[in-house]
Amino acid sequence: MPHDQPAAAPGPAPADASDHDPAETPFLGLLATGAAAEEYERPVLRARAGGAAAARLAALERAKLLALRVRTELEDRRRREAELSALYATAHDLAGLRDLDAVLRAIVRRARSLLGTEVAYLTLNDPAAGDTYMRVTDGSVSARFQQLRLAMGEGLGGLVAQTARPYVTDSYFHDERFRHTRTIDSGVRDEGLVAILGVPLLLGSGVIGVLFAADRRERVFEPGQVALLAAHAAHAAVAIDTANLLAETRKTLTELEAANEIIRDRSAVIERASGVHDRLTELVLRGGGVQDVADAVAEVLDGEVEFTEPGRAPAAALDRSRADGHAVRDGADWVAAVRAGGEVLGALVLRGHPALDPVDQRTLERAAMVTSLLLLARRTAGEAEQRVRGELLDDLLDAAARDPRLLRERAARVGADLDAPHVVLAARMSGARIADGDGPPRPDGTDRRRLWSAASHLAATRHGLAAVRDGGAVLLLPLDPDGDPAHTAREIAARLGTALHVSVTVGASAPVAAPAARPAAVADAYAEARRCREALCALGRVGQGAAAADFGFLGLLLADTRDVDGFVRRTLGAVADYDARRGTELLRTLGAYFACGMSPARTKDELHVHVNTVAQRLERVGRLLGPDWQTPARALELQLALRLHQLSAAVARETEE
């Protein structure tokens, strides 16, 4: 209302049409238009100024917080997508360059662009001089800084090169983790740098240089930015090595021009190397797979090429290839380690080629590098989806008050239907590997990550969810309406054990009808699944899967539902059905038999029948229950079921009376 107009007479606030709209409506429009965060306050302020009821204001506040959370998540996703797009664009740009100087300039330029810093630069090691020197800068204004040479181990770059790990400093001159020298500090001071991030350029197991991004003011580099620059450095190291390889090839061609005979002998090999380089580059750019790389190299080298997992490759040859960064001979085969930094992802094995010239050997090594890039890209995408599935399951387990509608929407993005029946499974690796494994579990968490990866893969293929919890993995998998949780537990234990080459114990819960509608039921089901898993371990049944129903009367203690009737039915159902059909008294005879200390003679006195009648009835019981019905464990379950049956019958009679 304008200030120069008289105030309206007091009275009841007019009804606002927006009071009848859902509280989320104004915020959905803001989300759709990508409005700034401060715009989300306006609907609440307008409602408050319009005299909206307290309930309406509270609903708007809740909707505002929810919308801001969704906005934050969308922004994070856009940022991650932009980072991945930038990395793929970097790979595309670097793949098209052949000159080393052009490659280095492109690397530094893209590093500065990716992190939005004022300066980026790259140093390379000089093995001949035993030091490192500034190779390329972007955004630098100081001549002294651009001409720096420093001994190994000095400055922030020396720390990165020495440890082969990224390091970041928010304030260079106040950071005492690395060795300051007058030469380096003078150059950094001339350039005016304050915050510096350095990541190693790794080739094989060695550091060939360091890539830096820096600002002239204090700045905190987030972990995601560190990981982004490290991923860029991995591409850069491959590009530098590729450019060096091409330079070596050109030099070889120049030397071969002196002898026509040598040219004729080697030209086909060189052309083949160039062709496979272009072909592998094309495979990367069009999103080819590992098998495509193996097929391409097999065609070029005229042999059989296979990608193998680390545990299935020749161990000694794989270790030698990983150590020196080259393909190595293994009998009549050649093995090239597929690695990323210090991690071995597998191996390319060329079979039946005992004699391999250096260019073909280098071709196999290039193919191994391309394979590692493809595997890393696939892992990045897979880990992103695994995180989404894990976060959703964590919310189901930890936050029972989650909005069912939002849970359904999040589940739909990963192909899960939380309105269908599900079963919760608790899985944990045992303390020893099965026979064809490769040693006991490692204490550094590697096995736990492998369990999570395998569980996430199973969850993705079955349209379920998986997360890490309590030293193991938890899965939420769809279950057919007539499905058996115990069967699912045994199947998952077998599949995880096969995938990981280690015994995996799995406990299952009773079915959860609709997790989205009752999120609290998921946490209760997880507790039941854990009890079943721990019971398996306590009973020495490591590496198996089971649900509460598999434990007989112990299942009554493990299950949340305390299904007494189900236990009685599973234990005595065959005998009770026979009595109902034939009008016999097998249940009564069985109860008397146990009450008389399992003595037929005393039982016939209790029932006032002949001892042969008792024997015939017990023989029939044995046919119905199985030959082991009198073993101590089975007899205990039968006696407990008989007592519960008698108690239920007595309660039923009292109710009728």
Beyond-backbone contact of Arg620 with Thr584, side-chain heavy atoms, under 4.5 angstrom | no
Checking Ser503 side chain against Val542 main chain: does a donor-acceptor pair fall under 3.5 Å?
-> no
Would you indicate whether the side-chain heavy atoms of Leu397 and Val424 approach each other to under 4.5 Å?
-> no
Salt-bridge contact Arg623-Glu619 (side-chain N to carboxylate O under 4.0 Å) | yes
Enter the distance from Leu465:CG to Leu396:CG here, rounded to the nearest 0.5 Å.
-> 6.5 Å
Would you say the side-chain atoms of Ser321 pair up with the backbone N or O of Leu318, donor to acceptor, closer than 3.5 Å?
-> no
Taking only residues at least two apart or on different chains, which pairs with a member in residues 590-600 satisfy side chain to side chain donor-acceptor pair (under 3.5 Å)?
-> Tyr593-Gln630
Report the distance from atom CZ of Arg530 to atom CG of Leu425, rounding to the nearest 0.5 Å.
-> 14.5 Å
Under a 4.5 Å cut-off applied to non-hydrogen side-chain atoms, are Thr589 and Val621 in contact?
-> no
For the atom pair NZ (Lys604) and NE2 (His610), what is the distance rounded to the nearest 0.5 Å?
-> 7.5 Å
Which value, rounded to the nearest 0.5 Å, describes the distance between Ile492 atom CD1 and Arg462 atom CZ?
-> 4.0 Å
Taking C-beta and beyond as the side chain, do Leu418 and Leu476 meet within less than 4.5 Å on heavy atoms?
-> yes
So which heavy atom on Val423 is nearest to which on Ser509, and how close?
-> CG2-O, 3.5 Å
Can you find a pair of side-chain heavy atoms, one from Leu475 and one from Val506, that are under 4.5 Å apart?
-> no
Partners of Lys64 by side chain to side chain donor-acceptor pair (under 3.5 Å), sequence neighbours excluded?
-> Glu41, Glu61
Above 12 or not: heavy atoms from other molecules or residues under 6.0 Å from CZ of Arg582?
-> no
When rounded to the nearest 0.5 angstrom, what is the spacing between CG in Leu348 and CD in Glu306?
-> 9.5 Å
Report yes or no: does Arg428 contribute a side-chain atom to a donor-acceptor pair with the main-chain N or O of Asp470 at less than 3.5 Å?
-> yes
Check: Leu587 main-chain N/O paired with Asp579 side-chain donor or acceptor under 3.5 Å = yes
What residues, two or more places apart in sequence or in another chain, satisfy side chain to side chain donor-acceptor pair (under 3.5 Å) together with Thr308?
-> none
Flag the pair Arg469 / Leu393 as yes when at least one side-chain heavy-atom distance between them is below 4.5 Å, and no otherwise.
-> no
If you look at every heavy atom in Tyr526 and Ala426, which pair is closest and at what distance?
-> CE1-CB, 4.0 Å
Min side-chain heavy-atom separation Pro511-Pro485 under 4.5 Å | yes
Using a 4.5 Å cut-off on heavy atoms from C-beta on, say whether the side chain of Leu618 contacts that of Thr603.
-> no
Note: Asp524-Arg518 ion pair, threshold 4.0 Å (strictly below) | no
Donor-acceptor contact present, side-chain Arg322 to main-chain Arg339, <3.5 Å = no
